[in-house]
Amino acid sequence: LSTTSEGRLVVMMRTDVQGEPSNCTCRGRVDVYSSDRLRLTKLHLPQNIINPLHAVQTKNKTFLVSYGDHATVSQGIIEINNPGDIVKTFAGGPAGNGPHQLNGPAHISLDNDERLIVADTGNRRIMLLNRNLQLERVLVSWSRVSGDHGPCRLFYDKERNQLTVGLATGHVDIYQL
């Protein structure tokens, strides 16, 4: 679940091949609801998007995290349009630790400028992408010797310009952006 700047609720649903809700390695759809629970949009995702985890929406764009399956199906940050076609991707390939690769992306959020903040859990870093899905910089990173505690959840406070990060260890870090 996430919300848009207009207060709309964005729901990421995992579905099986027939479009029914599922918890398996699966496809997905994105539903966007108004504040009065009226479904405004229903985007069926393309077949090559496997294990969608989280979605956020701006006025004109929907972005989602696709976890893939680490081996054969790409993972990355994907921009989709309505009716659900892929417009562009960031790191749309197998897992890696390079500057334009992801390893277990888990969550995304939007800052005040509608840039994407990405929790790259496997690489223990948080990345900032511009509106065109281009890497601007790494905001935070943790060393590999400090244990397995990559970021898995993000919350951006637009009023305070603060990023709250939930780590895999259960700890929470807060960063002033």
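Note: hydrogens, waters and symmetry copies are ignored here, and every other heavy atom, side chains too, is used.
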*Between Asp173 and Leu167, is any pair of side-chain heavy atoms under 4.5 Å apart?*
yes
_Tell me whether Val165 shares a hydrophobic cluster with Val172, the cluster being built from Ile, Leu, Val, Met, Phe, Trp, Tyr side chains joined at under 4.5 Å._
no
*Has the side chain of Glu79 got a donor or acceptor atom that lies under 3.5 Å from a matching backbone atom of Lys61?*
no
*To the nearest 0.5 Å, tell me how far Arg137 CZ sits from Asn130 CG.*
12.5 Å
*Quick one: are Val56 and Ser109 in side-chain contact, heavy atoms under 4.5 Å?*
no
*Short side-chain to backbone donor-acceptor contact, Asn132 and Gln134, under 3.5 Å*: no
*Flag side-chain contact, heavy atom, 4.5 Å: Ile108 against Ile117*: no
_Polar side-chain atom of Asp113 near backbone of Arg115 as donor-acceptor pair, under 3.5 Å_ = no
*Kindly indicate whether the side chain of Tyr156, heavy atoms from C-beta on, has any atom under 4.5 Å from the side chain of Asn112.*
yes
*When rounded to the nearest 0.5 angstrom, what is the spacing between CG in Leu128 and CG in Leu116?*
8.5 Å
*Distance from Ile174 atom CD1 to Thr164 atom OG1, nearest 0.5 Å?*
4.5 Å
*Any donor and acceptor pair, going by atom type alone, linking the side chain of Asp111 with main-chain N or O of Lys158 inside 3.5 Å?*
no
*Under 3.5 Å: donor-acceptor pair, side chain of Asp157, backbone of Asn161*: no
*asked:* Distance check, rounded to the nearest 0.5 Å: Gln101 atom CD versus Asn123 atom CG?
replied: 8.0 Å
*Is there a side-chain contact between Phe63 and Leu133 (heavy atoms, below 4.5 Å)?*
yes
*asked:* If I compare all heavy atoms of Val138 with all of Arg125, which pair ends up nearest, and what's the gap?
replied: CG1-CB, 4.1 Å
*Distance from Cys152 atom SG to His107 atom NE2, nearest 0.5 Å?*
9.0 Å
*Verdict with supporting geometry, Leu135 and His100, side chain to side chain contact (heavy atoms under 4.5 Å, CB included)*: CA-CA 7 Å; Leu135 176 65; His100 295 92; 4.0 Å; yes
*In the single-linkage hydrophobic clustering (I, L, V, M, F, W, Y; side-chain heavy atoms under 4.5 Å), do Leu177 and Leu154 co-cluster?*
yes
*Does the side chain of Asp120 come within less than 4.5 Å of Asn103's, by heavy atoms?*
yes
_Nearest non-hydrogen partners of Pro105 and Val65, listed with the distance_ = O-CG1, 3.4 Å
_Determine whether Ile126 and Val118 satisfy the following criterion, side chain to side chain contact (heavy atoms under 4.5 Å, CB included), listing intermediate values before the conclusion._
CA-CA 5 Å; Ile126 298 172; Val118 180; over 6 Å; no
*Can you tell if the side chain of Leu102 reaches within under 4.5 Å of the side chain of Phe90, non-hydrogen atoms only?*
yes
